[in-house]
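Just so we're on the same page: letters track the sequence lines, and every chain starts at 1.
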Protein chains: 2
Amino acid sequence: MSSGRVETQRTKSAADKRRLILDAAVRVFARQGFHACRVSDIADEAGVAYGLVYHYFASKDEVLDTLFLERWNVMLELIRQVDGEQMPVRDKLEAIASFIVDSYQHDPDLMKVIIVEVTRAANSFGNTHIATIREAYDLIGGMISEAQAAGLFKSEIDARFAAMAFYGAIEQLLTGWIFELLPQGPEDFKRAKWLVVETVCGGLESRAGEQERLG
Amino acid sequence: MSSGRVETQRTKSAADKRRLILDAAVRVFARQGFHACRVSDIADEAGVAYGLVYHYFASKDEVLDTLFLERWNVMLELIRQVDGEQMPVRDKLEAIASFIVDSYQHDPDLMKVIIVEVTRAANSFGNTHIATIREAYDLIGGMISEAQAAGLFKSEIDARFAAMAFYGAIEQLLTGWIFELLPQGPEDFKRAKWLVVETVCGGLESRAGEQERLG
DNA sequence: CGTCATTGACTGACCAGTCAATCTATGTCG
DNA sequence: CGACATAGATTGACTGGTCAGTCAATGACG
């Protein structure tokens, strides 16, 4: 029992150091960018020796890979779960938007790193993880496709394109927050979740506007 | 007259070298990424000596700055022009979407570089050019705001957020093409222009779907 | 004492930017 | 016309600094 506790303690302690480094890396990557920062910056931020980073990770790249995969897999799980449930498309899309916005609200640095250093980095990490990234797009595309088959969504708009537009709209809101171009109070986050879904599903046009255009 | 022609010839020739370097840089940046490429790669690609790059540009950064500003300013001009014209919002937004999609179709490498290396690079070039980038978002936001004031667009959706969602949707389509996740035939480009506007203005929901949701 | 965690000085490679030399085109003047 | 002058274009070897990754030594703990 005592040895078990101690064992757990030791393991936990080791795991904590690893996490300490990961969390420090998030802050450093967010502050300076992946390329602009040195591995020693991460070690310093974590309060550990330079070499320890290489005890837990094979390379600087692997640190970012780990951060990305950790978060993206949680999101994939959420999307898969939502996908399996019986609920209106609109609610499904709102659940996804909510998750992403909540992720940003909870850890803006991490989401900044993921967006800035991975999902758009077509020549480096983005390319490495393209299959994983794509999975999210495909799942969303599937949901939209289903809604189209059910007659709830227009069929003229290719589901894959619509999925990208939807995801892109969300990511750009985060980008707006990252660049401090959009207000980010609790109320703004809450409204943003609804706003993206309303824009993409219901459209920006008011009933009157739409009628005017069509009439 | 003769000396004038010769003068023009010389000037043009010098300008051509500069352009040669810029065009080569686009290809190299698109292929390898800004950070991963060396200045010598640009020189080699352009078929000029290493030092000549520094005759025309103060630094590697300045090459990318130049490429970005050249293109972004053309876009800003287009948006301003559209903004000043008397035409339906939908057509204005479609003009913008068309311009961006056409830009990609005409020079995918350049748009890849601008999106990947600048508009999302929150810690480097994106931050440098944030004021210029923002101008585009603001102009689009202004158009949406006007449409809301005229009762054509819903007023519940903050115009700045809507503008980001709209722009983000377009940029994500380009990202989809860049990562080769979306088909990119001439027909796909044509439909994409319409699709983004239809999604954002009219919404994905079919009349039947919307009625079902509301009823 | 054996195992794993931790340390940080060191190395080897890499590359942006410099610069002195060379070339080319044009202008000028005897 | 030809010799010389000037300025800008062009060249590429070189330098100085940076930094990812290594490793031998030390510490902690059972």
Are OP1 or OP2 of dA9(D) and a side-chain N or O of H55(B) less than 4.0 angstrom apart? yes
How are the rings of Y54(B) and Y50(B) set to each other: parallel, tilted or perpendicular (split at 30° and 60°)? tilted
Carboxylate-amine/guanidinium contact R80(A) D83(A), below 4.0 Å: no
Does the distance from a Lys or Arg side-chain N to an Asp or Glu carboxylate O, for R38(A) and D44(A), drop under 4.0 Å? no
Does either side chain, that of Q81(B) or that of E85(B), offer a donor lying less than 3.5 Å from an acceptor on the other one? yes
Listed pairs under 3.5 Å, donor-acceptor, residues 181-190 of chain A side chains, sequence neighbours left out:
from, atom 1, to, atom 2, distance (Å)
Q184(A), OE1, Y104(A), OH, 3.1
Q184(A), NE2, W177(A), O, 3.1
D188(A), OD2, G185(A), N, 2.8

When the distance from CD1 of I21(B) to C1' of dA16(C) is rounded to whole Å, what number comes out? 15 Å
Contact list please: residues 31-52 of chain B against DNA chain D, heavy atoms, distance less than 4.0 Å, in numerical order. V48(B), A49(B), Y50(B), G51(B), L52(B)
Would you tell me if any nitrogen or oxygen in the side chain of K17(A) comes within less than 4.0 Å of OP1 or OP2 on dA5(C)? no
Check this one for me: any side-chain N or O of Y56(B) less than 4.0 Å away from OP1 or OP2 of dT10(D)? yes
In whole Å, I'd like the distance from the CZ atom of R19(A) to the C1' atom of dA5(C). 19 Å
Heavy-atom nearest pair, L67(B) first then A25(B), reads CD1-CB, 4.2 Å
